[in-house]
Every structure is written in structure tokens, then in C-alpha cells.
Amino acid sequence: MNQNEMNQNEEMEIDLGELFSMLKSHYKAIIICVLLGALVMGLVTVFLMDRKYEAVARIYPKPEVSDGAIDNTQINANNQMVNNYVEMIRGNNIQNQVATALGISFSEVNSSVSVSNVSDTQIIRIGATTTDPELSKQIVDQVVTTFTTEASETLNINNIAVIDEATVPTSPVSPNLNMNIIIGALIGGVVSVGYIFIRFMMDTRIHNKEEAEKYLDIPCLGSIPYFD
């Protein structure tokens, strides 16, 4: 490493030290910004964000039992059909029927319904998330009813069992107050530190004789004291 590189590294270390010193001197302002960010996000969450409620039902294509034994062939067939069932429920046909039955728009149903296959099972989870807990339950119930009827009439499948019926949700699933408060605090901290960093980088003034000697590379013969 040559002399120039050593000098550059030394200057970088000094600059970082000054930056940390500046951050340390403004720690109260940073803490205030963190608390303010958390408070603002908390108030926005409580008073401005809509609470959403999710109702959930679970259905299961049960295999037939013959002489006390489960038909393994049908289990394998059900495994292959689960993804088809999920796509049927997500499809426009069933969701249009649900919207018509409930007297709401297709977009309301489509945006609120979520369908998934529970991992490593044949269980299908059907959820609906809206700002009205009663409507969420009605949508799920109607989806289950419509799918069961459609599977029976179109595919001649009559083994769909409801293992968990939807109930009216009592607690919202969003927004997450605690998470939003943490996000607000982080935003407040980042903004305050960023502002201090920008001020530090944009400040080209010489504040004392030590800085004058450092940046001008000449000795300081004297200084004029400042009085208010």
C-alpha cells in the first residue's frame, strides 16, 4: 500500500469518526423521529386503514371406505384431483355464480377469495377477506355450496366433505398494528439518519483550527474567538 492510499484510508477513518460523532450528538433528534414515525403510523393504522376480516372453511375429498378399509386407489386419484378442484374454485364460472347468488359484483368475489391446498394434505382451504365479517362468511359458504353442486353436476363427484365450516370472524386479520408501528419507527429512524448524513456530506465549512490544518495542510498561527 503506497503513501497516497494510506492517507486516503486515514481520511476515510476520520470522516467516519466525524459522522458517528455527529450522529451521537443528534441522538435525541433521532429518537424523537423514531417515536414520531411510530406514533404517526399507529394513528394512520387505527383511524385511516380499513379493518379486514377473513372467514375460512376447509373441504376434503373423502375416499370411499369398503369393508372397513380405505380404497388407496381413490386416495391417489384424489391427490391428483385436488389441484383441479382448486382451479375450479378460482375460476370465473363458480365465482360468477357466487356473485350472482349474493347480489355482489364478480370483482368483489374475485378480490376477496383465496383458495389453497394445505401442504401435504388433500384438504382445500377456502378463505374470503372483506371489511364486513358477515359478508366474508357468506362468500365462503356460497363458494363451498356452489363448488359442491358444480362438482356433483358437472364431474359426478359426490365425496366433497366440509370438515371446517366458516364462522363469522371477530378479529381483523389486517392491518397489523404492531407491524405498522415497527415500520413507522424504522422509517422515522432512516429519515432522520439520512438527513443528518446528507447534512454532513453537504457541509463544506471549516469549523475549527484543527479542520483548517487538516484540510489546508498548513499550520494555524492563530484564531479569533467567537463571542455572542
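If you read the sequence from its start, that first residue is 1, and numbering goes on from there.
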Say whether [X] and [Y], considering side chains only, have a donor N or O and an acceptor N or O under 3.5 Å apart.
X    : Y    : value
E87  : N83  : no
D50  : T131 : no
T130 : S136 : yes
E108 : S105 : yes

Checklist entry - Hey, mind stepping through D164 and V56 against side-chain contact (heavy atoms from CB on, under 4.5 Å) and telling me if it holds? => result CA-CA 8 Å; D164 279 324; V56 176; over 6 Å; no

ILVMFWY network linking [X] to [Y], side-chain heavy atoms under 4.5 angstrom:
X    : Y    : answer
V46  : L43  : yes
M201 : M22  : yes
Y195 : Y27  : no
I104 : V98  : yes
L102 : V144 : yes

N/O donor-acceptor pair under 3.5 Å between [X] side chain and [Y] backbone:
X    : Y    : answer
T146 : V143 : no
S192 : G189 : yes
S152 : T148 : no
R90  : V115 : yes
T145 : Q142 : no

For a 4.5 angstrom cut-off between non-hydrogen side-chain atoms, does [X] reach [Y]?
X    : Y    : result
I183 : N180 : yes
I139 : S112 : yes
Y85  : I160 : yes
I59  : I89  : yes
I196 : V193 : no
S174 : M49  : no
F106 : N92  : yes
P61  : V82  : yes

If you look at every heavy atom in [X] and [Y], which pair is closest and at what distance?
X    : Y    : result
I94  : M88  : CD1-O, 3.4 Å
T167 : K137 : C-CD, 3.9 Å
T45  : M41  : OG1-O, 2.7 Å
I181 : G42  : CG1-CA, 4.0 Å
D132 : E134 : OD1-N, 3.0 Å
N156 : N158 : OD1-ND2, 3.9 Å

Checklist entry - Do other residues, nucleotides or ligands put more than 12 heavy atoms under 6.0 Å from M179 CE? => result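 Not buried by this count: 12 neighbours or fewer within 6.0 Å.
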
Give, for atom [atom1] of [X] and atom [atom2] of [Y], the distance between the pair rounded to the nearest 0.5 Å.
X    : Y   : atom1 : atom2 : value
I187 : L36 : CD1   : CG    : 12.0 Å
I31  : L35 : CD1   : CG    : 7.5 Å
M81  : N84 : CE    : CG    : 4.5 Å
K28  : C33 : NZ    : SG    : 14.5 Å
S107 : Q95 : OG    : CD    : 10.5 Å

Checklist entry - What do the steps show when you test I124 against V118 for side-chain contact (heavy atoms from CB on, under 4.5 Å), and what is the final call? => result CA-CA 6 Å; I124 299 174; V118 179; over 6 Å; no

Checklist entry - Is there a side-chain contact (heavy atoms from CB on, under 4.5 Å) between L155 and E150 once you walk through the steps? => result CA-CA 7 Å; L155 303 178; E150 192 72 15; over 6 Å; no

